[in-house]
K.L.:
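One structure coming up, written as structure tokens, with questions to follow.
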Amino acid sequence: MLDLKFIRENPDLVRDAIRRKKETDRIGEILQLDGNRRELLRKSELIKSDRNRIADEVAKLKRQGQDASALIAEGKSKGDDQKGIEEDLRKVEDDLNELAMYVPNLPHSSVPVGNGSEDNVETRRWGEVRKESDFDFKLLDHLTLGEKLGILDFARGSKVAGAGFPVYLGKGAALERALINFMLDLHVTKHGYTEVFPPFVVNKASMRGTGQLPKMAEDMYHCEIDDLYLVPTAEVPVTNLRRDEVLSVEELPTKYTAYTACFRREAGSWGKESRGFLRVHQFNKVELVKLVKPEESYDHLEKLVGDVEEVLQLLNIPYRVMLLCTGDLSFSAAKCYDIEVFAPATEAREGWLEASSCSNFESFQARRANIRFKRDAKSKPEFVHTLNGSGLATSRLMVALLENYQTPEGKVIVPKVLHRYTGFTVID
RNA sequence: GGAGAGGUGGCCGAGUGGUUGAAGGCAACGGUUUGCUAAACCGUCAUACUGGGUAAACUGGUAUCGAGGGUUCGAAUCCCUCCCUCUCCGCCA
């Protein structure tokens, strides 16, 4: 969330950002509540100060063995006065905090202004994009291919859990595991991330910390009895590892990578692009998370994107990097690149599938999650900047892999870098 | 799940109703001393919110002893609820 003081002092900047991100502008109410809060706070603190003074004087009198009943009576009535004010204050604070949670992060100045995905800017492209017409045989899409090879089973996934819970079988399961291990190893050994295997469920405080709550409540799986949420992304447990901590400057940048399964209800988003792997309730993802110094966060964003790109380059899967415009930028992000892989047999979005999203949240999450650092022993703690990116989600990656690596015989060649993980070179 | 013990500042640890934001120690920071290091000595040593002040220095107030509520003129200290940690027992992958 944003600093209330910042909102108070720069309401127009914030309003502008809200408009660009197409969120609801409730800044007027926030400013009003903030004024009320400060007024009530002043009143309440004045009374408390009186009460403290009275209590001290009572103590003094008692020590001297004198009568203090007049003061005690006064203290009692002050206490009654305070109750009413305190109640009002708490209500105002609750309302204010709730509203403040719904104020989005400000887009960075380098983010193009735009309405939606049509205004995103392609910043670069890598690999050979071979369209369907470039192949001299009839391409199969990932679903058909997966079923024919017996490596994917959506029907049985529906039986045991429900639609959108895919099942991987045999070499498909092995390939999935290989991808995960390959990506983790690359990020750990080559890019210097620390591997984390976090819990797959988190509490409310964690969900608030990274900004999924309260806005995205509908999209989470929630275990009511224990009040726990299934993680929608490893970003949540991993970023929250350091919640309420003050890091030393030597710890920055802190870089984590983690595999988790990701669970999303995807409420209301069924319809187009929902065939097969394109939209599922459970998928696998290797996530990258960085906690960095504020002045370095934009350099780190570029490096983060580079770390993700290397995965695709090693797998030799064509992709493009999209800089999201203000209208497509998520609630918490200040700047975000999407990495889209190309899947030649997929009709949706002309074959370009979002496989990674790399964002700089600046201090937005750090403020919510209260993650700070000290430049040295004497300086005040400052909020870190947090970044994260999928490095990558395997579901969409699997689509691109199967479709790009298929042969005229309906087999799939395993990319070379995965051989040492799979133990086989062809799926047939 | 059952029984017990406990959660105090960066860390250790005292404190069972009244100048306790919290003794003492360690660590850290500044300084004195020192050929260097060590030691010794002196000092500083929480955070947030809020008011005054020049959005500085400085300064007033409030809150914070796991969290939330209650009792009281007054709570780290008494009562209730919850969370977490440890030990033992049970159950279990």
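Below, all heavy atoms of this structure are taken into account, side chains as well, without hydrogens, waters or symmetry copies. A, B, ... follow the sequence lines: proteins, then strands. Residue 1 opens every chain.
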K.L.:
Can you tell me the distance, in whole Å, between the CG atom of L46(A) and the P atom of U62(B)?
P.N.:
10 Å

K.L.:
Let me know the distance between CG of D50(A) and P of U62(B), rounded to the nearest Å.
P.N.:
10 Å

K.L.:
G61(B) phosphate, OP1 or OP2: any side-chain N/O from S49(A) under 4.0 angstrom?
P.N.:
no

K.L.:
Taking atom P in both C84(B) and A93(B), compute the distance separating them and give it to the nearest angstrom.
P.N.:
24 Å

K.L.:
Side-chain N or O of N52(A) versus OP1/OP2 of U62(B): is the shortest distance under 4.0 Å?
P.N.:
yes

K.L.:
With respect to the phosphate group of G51(B), does any side-chain polar atom (N or O) of R38(A) fall under 4.0 Å of OP1 or OP2?
P.N.:
yes

K.L.:
Measure the distance from NZ on K43(A) to C1' on A63(B) and round it to the nearest whole Å.
P.N.:
20 Å

K.L.:
Taking the C1' atom of each, how far is U77(B) from A23(B), in whole Å?
P.N.:
15 Å

K.L.:
For C92(B), give its Watson-Crick or G-U wobble partner with both distances under 3.5 Å, or none.
P.N.:
none

K.L.:
Using the C1' atom on both, measure C78(B) against G18(B) and round to a whole Å.
P.N.:
15 Å

K.L.:
For A46(B) and A40(B), measure between their C1' atoms and round to the nearest Å.
P.N.:
28 Å

K.L.:
Do K335(A)'s NZ or CZ and the ring of Y298(A) fall within the cation-pi criteria of under 6.0 Å and 45°?
P.N.:
no

K.L.:
Rounding to the closest angstrom, what is the interatomic distance between A76(B) and U8(B) at atom P?
P.N.:
16 Å

K.L.:
Nearest to the E45(A) side chain among G61(B), A48(B), G18(B), which nucleotide is it?
P.N.:
G61(B)

K.L.:
Nearest to the R90(A) side chain among G18(B), G69(B), U50(B), which nucleotide is it?
P.N.:
G69(B)

K.L.:
Would you mind pulling out the nucleotide paired to G35(B), Watson-Crick or G-U wobble, both distances under 3.5 Å?
P.N.:
none

K.L.:
Once you round it to whole Å, what is the distance between C1' of G18(B) and NZ of K60(A)?
P.N.:
12 Å

K.L.:
According to the Watson-Crick and G-U wobble definitions, with both distances under 3.5 Å, which nucleotide is paired to C29(B)?
P.N.:
G43(B)

K.L.:
Out of U71(B), C73(B), G51(B), which has the shortest distance to the side chain of V58(A)?
P.N.:
C73(B)

K.L.:
For C58(B), give the paired nucleotide (Watson-Crick: N1-N3 plus N6-O4 or O6-N4; G-U: N1-O2 and O6-N3; both under 3.5 Å), or none.
P.N.:
G52(B)

K.L.:
Both K83(A) and P381(A) contact RNA chain B. Which one's nearest nucleotide lies toward the 5' end?
P.N.:
P381(A)

K.L.:
Could you give me the CA-CA distance, side-chain angles and deciding distance for D141(A) and T144(A), then say whether side chain to side chain donor-acceptor pair (under 3.5 Å) is met?
P.N.:
CA-CA 6 Å; D141(A) 69 16; T144(A) 317; 2.7 Å; yes

K.L.:
Does U16(B) have a Watson-Crick or wobble partner in any strand here, with both distances under 3.5 angstrom, and which is it?
P.N.:
none

K.L.:
For L387(A) versus V292(A), what's the shortest heavy-atom pair and its separation?
P.N.:
CD1-CG2, 3.6 Å

K.L.:
Report the base-pairing partner of U85(B) (Watson-Crick or G-U wobble, both distances below 3.5 angstrom), or none.
P.N.:
A5(B)

K.L.:
Mind checking R367(A) for me? I need base, sugar-phosphate or nothing, with any heavy atom below 4.0 Å counting as a touch.
P.N.:
nothing

K.L.:
For F277(A) and F154(A), run ring pair (Phe, Tyr, Trp, His ring centres under 6.0 Å): C-alpha distance rounded to whole Å, both residues' side-chain angles, the deciding distance at 0.1 Å, then the answer.
P.N.:
CA-CA 9 Å; F277(A) 263 134; F154(A) 286 86; 5.2 Å; yes

K.L.:
Using 30° and 60° as the class limits, which term best fits the ring planes of Y229(A) and H222(A): parallel, tilted or perpendicular?
P.N.:
parallel

K.L.:
Base, sugar-phosphate or nothing for R375(A)? Non-hydrogen atoms, less than 4.0 Å.
P.N.:
nothing

K.L.:
Given C73(B), is OP1 or OP2 found less than 4.0 Å from the side-chain N or O atoms of K76(A)?
P.N.:
yes

K.L.:
Of D307(A), T254(A), T257(A), which is the lone residue that meets side chain to side chain donor-acceptor pair (under 3.5 Å) with Y193(A)?
P.N.:
D307(A)

K.L.:
Would you say R51(A) places a side-chain N or O within less than 4.0 Å of OP1 or OP2 belonging to A75(B)?
P.N.:
no

K.L.:
So K78(A), base contact, sugar-phosphate only, or nothing? Heavy-atom distance under 4.0 Å.
P.N.:
nothing

K.L.:
Check step by step if side chain to side chain donor-acceptor pair (under 3.5 Å) holds for Y319(A) and E309(A).
P.N.:
CA-CA 8 Å; Y319(A) 66 86; E309(A) 286 181 71; 2.5 Å; yes

K.L.:
Of E9(A) and D3(A), whose closest RNA chain B nucleotide lies nearer the 5' terminus?
P.N.:
D3(A)

K.L.:
Measuring only the P atom in each nucleotide, how far is U47(B) from C11(B)? A whole number of Å is fine.
P.N.:
14 Å

K.L.:
Could you tell me how far apart L96(A) (CG) and U50(B) (C1') are, to the nearest whole angstrom?
P.N.:
14 Å

K.L.:
With a non-hydrogen cut-off below 4.0 angstrom, is R53(A) in contact with a base, only sugar-phosphate, or nothing?
P.N.:
nothing

K.L.:
Just name whichever nucleotide pairs with A76(B), Watson-Crick or G-U, keeping both distances under 3.5 Å, else none.
P.N.:
none

K.L.:
Mind checking if K5(A) touches a base, just sugar-phosphate, or nothing, with heavy atoms under 4.0 Å?
P.N.:
sugar-phosphate

K.L.:
Using whole Å, what does the distance between atom P of nucleotide G61(B) and atom CD of E39(A) come to?
P.N.:
20 Å

K.L.:
Mind checking if L41(A) touches a base, just sugar-phosphate, or nothing, with heavy atoms under 4.0 Å?
P.N.:
sugar-phosphate

K.L.:
Distance check: side-chain N/O of R37(A) vs OP1/OP2 of U50(B), anything under 4.0 Å?
P.N.:
yes

K.L.:
Taking C-beta and beyond as the side chain, do Q365(A) and E235(A) meet within less than 4.5 Å on heavy atoms?
P.N.:
yes

K.L.:
Using whole Å, report how far CZ of R42(A) lies from P of U50(B).
P.N.:
13 Å

K.L.:
Nearest whole Å is fine: how far is U72(B) P from K62(A) NZ?
P.N.:
14 Å

K.L.:
In whole Å, what separates the P atom of G35(B) from that of A48(B)?
P.N.:
43 Å

K.L.:
In whole angstrom, give me the gap between the C1' atoms of A27(B) and U44(B).
P.N.:
14 Å

